[in-house]
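Quick notes on the structure that follows.
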Protein chains: 2
Amino acid sequence: MERNVDLGGFLENKQNFIPHLSIDSVIFGFHQDQLKVLLLRVHDSGVWSLSGGFVRMEEGIDPAALRILRERTGLENVYLEQYHTFGHEDRSKKNTLADILDFGHTEEFRNSWLNKRFVSIGYYALVDFSKVNPTPDSFSDIAEWFDLKDLPPMIFDHREMIYKALESLRANLDTKLVGFNLLPETFTMPELQSLYETILGYPLRRNNFQRKMLSMDILERIEKLYTGAANKAPYLYKFKAPNVEAV
Amino acid sequence: MERNVDLGGFLENKQNFIPHLSIDSVIFGFHQDQLKVLLLRVHDSGVWSLSGGFVRMEEGIDPAALRILRERTGLENVYLEQYHTFGHEDRSKKNTLADILDFGHTEEFRNSWLNKRFVSIGYYALVDFSKVNPTPDSFSDIAEWFDLKDLPPMIFDHREMIYKALESLRANLDTKLVGFNLLPETFTMPELQSLYETILGYPLRRNNFQRKMLSMDILERIEKLYTGAANKAPYLYKFKAPNVEAV
DNA sequence: GCAAAAGTGTTTACTATACACCCATGA
DNA sequence: TCATGGGTGTATAGTAAACACTTTTGC
């Protein structure tokens with residue numbers, strides 16, 4: 001099949017990227033009581049990938065990850081954390097770009113630096129779902145949120161990267177109080193609890209959860225939120241500490 | 001100063017290593033109630049470095065780390081854990097090899113792939129001090145244990161890499177039960193406690209520590225150890241689970 | 001008033017800590 | 001028999017879990 005996909009100068013490595021090294025970010029969001037990841041669909045294919053990119057020769061890896069994240073979400077200040085580096089020798093040998101993008105200049109692509117073995121530094125980002133403006137990159141045509149429990153076919157080892165990121169997120173949930181980065185500025189206690197339950201994967205006691213959260217003295221109670229439902233209106237809360245930790 | 005240091009083919013990258021990517025391992029040992037790290041002295045200099053190396057083009061990063069570790073310690077089965085990847089753009093611009101090794105073929109070195117910017121994947125290893133056979137590499141002339149509280153001048157950002165590794169070790173001490181990898185097959189309870197205290201940096205209660213360890217049901221009590229001291233002989237213990245977790 | 005969901009109070013269980021005591025060993 | 005360090009028992013404090021109850025809201 002003849003395709004004419006513009007890879008925006010990536011094939012020639014015009015921007016002088018470090019070869020064999022990539023960055024992939026698992027972008028987590030929370031919407032309708034579900035944990036979501038932002039994925040990119042590889043051009044004209046049924047295969048999806050994480051938000052990824054490369055590191056410029058004079059660029060630090062953290063700034064590179066932030067740059068990539070900005071390009072995919074439009075967000076400037078996001079919680080970003082490096083969690084693992086993936087470097088199995090065969091990690092980019094299944095569901096490869098070459099397999100998926102069997103476009104015109106195949107020969108050029110197969111010989112390009114893009115088609116080589118890559119070691120990828122994994123980051124995960126926690127963002128406010130409602131603020132994200134999903135934007136595809138040169139390798140993709142759509143950016144879309146997926147439920148973590150309903151992931152599409154994915155390129156390389158990106159599925160495993162997501163699961164490992166979730167593990168890290170779980171481990172950091174209590175110690176680093178990272179969950180708040182997935183919520184808007186204000187939220188109710190039941191919303192916060194639902195977030196925790198979704199991430200951890202098991203239910204929590206309503207009363208004990210509330211007590212625990214309030215006892216940490218990190219929440220500021222604002223006014224009540226009248227939803228129109230026939231029950232007591234929940235309070236709105238605001239996270240006291242700044243919502244973003246720089247990497 | 002004219003020096004003739006043999007870098008064993010590294011200058012020409014004969015072994016086809018991935019450029020700009022290195023692996024550095026913080027090798028922890030425990031000896032005389034002190035936490036130690038194994039360091040290598042850069043040829044004819046007062047500057048020391050971690051055990052490091054490069055990743056071959058067809059080699060996974062974990063096998064590469066194990067290979068390097070084997071070469072520096074002679075050990076086959078070691079507890080090894082990837083903890084962080086260091087990729088600041090300036091990380092290899094201070095205390096560089098070029099500064100330290102101002103040897104004969106300077107021009108060749110300055111232009112070589114070795115003198116470029118490197119992203120380094122950090123691992124830490126936990127080994128039985130008494131079993132290690134410290135062996136320098138092509139860049140160093142001695143391999144020696146250093147007390148963590150008395151580190152010498154170090155190349156690049158290796159000092160920060162050690163501190164970050166210690167943080168990870170502390171965080172994993174209780175959850176992953178990694179401490180046992182720093183001890184011989186058999187050990188006494190006071191020895192184990194001393195290890196924990198040294199890693200954590202604060203004292204623990206003798207009786208409660210023992211109870212906690214025994215309650216986890218991971219220790220097997222062997223016979224008593226008669227040291228010749230004028231006090232009750234401590235029991236020897238053995239760790240039930242296998243001492244090594246593969247990476 | 002009633003159902004639904006939010007919020008608060010109280011009891012219980014568990015674990016971590018502190019304190020006290022006993023045991024074995026060699027001089 | 002005494003000092004020394006190892007081992008065990010018990011009380012207390014602090015926290016986490018479970019249970020029960022009250023409050024607010026719209027119909």
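Chain A is the first sequence line, chain B the second, and so forth, proteins listed ahead of strands; every chain is numbered from 1.
For residues 149-167 of chain B, the pairs satisfying salt bridge (charged side-chain N to carboxylate O under 4.0 Å, His left out) are B:Arg91-B:Asp157, B:Lys94-B:Glu160, with sequence neighbours left out. Residue pairs satisfying the salt bridge (charged side-chain N to carboxylate O under 4.0 Å, His left out) criterion with at least one member in residues 196-210 of chain A, sequence neighbours excluded, are absent.
The distance between atom CG of B:Asp174 and atom C1' of C:dT15, rounded to the nearest whole Å, is 14 Å. The distance between atom OH of A:Tyr202 and atom C1' of D:dA17, rounded to the nearest whole Å, is 13 Å. Rounded to an integer number of Å, the gap from B:Ile222 CD1 to D:dG6 P is 18 Å.
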Using a 4.0 Å heavy-atom cut-off, write out nucleotides 5-12 of chain C from 5' to 3' as B (base contacted by protein), S (sugar-phosphate only) or - (no contact). BBBBBB--
Please assess B:Ile121 against B:Gln82 for the test side-chain contact (heavy atoms from CB on, under 4.5 Å), listing each intermediate value before the final yes or no. CA-CA 7 Å; B:Ile121 308 171; B:Gln82 186 202 307; 3.8 Å; yes
Could you pull out all donor-acceptor pairs under 3.5 Å where a side-chain atom in residues 232-239 of chain A meets a protein atom, sequence neighbours excluded?
unit_1: A:Tyr237; atom_1: OH; unit_2: A:Arg221; atom_2: NE; d: 3.0
unit_1: A:Tyr237; atom_1: OH; unit_2: A:Arg221; atom_2: NH2; d: 2.8

Would you mind writing out the side-chain donor-acceptor pairs for residues 126-134 of chain A within the sub-3.5 Å range, not counting sequence neighbours?
unit_1: A:Asp128; atom_1: OD1; unit_2: A:Ser130; atom_2: N; d: 3.2
unit_1: A:Asp128; atom_1: OD1; unit_2: A:Ser130; atom_2: OG; d: 2.9
unit_1: A:Lys131; atom_1: NZ; unit_2: A:Glu185; atom_2: OE2; d: 2.7

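When the side chain to side chain donor-acceptor pair (under 3.5 Å) test is applied to B:Arg211, the partners found at least two apart in sequence or on another chain are B:Asn208.
Phosphate contact (OP1/OP2 of D:dA17, side-chain N/O of A:Arg205, threshold under 4.0 Å): absent.
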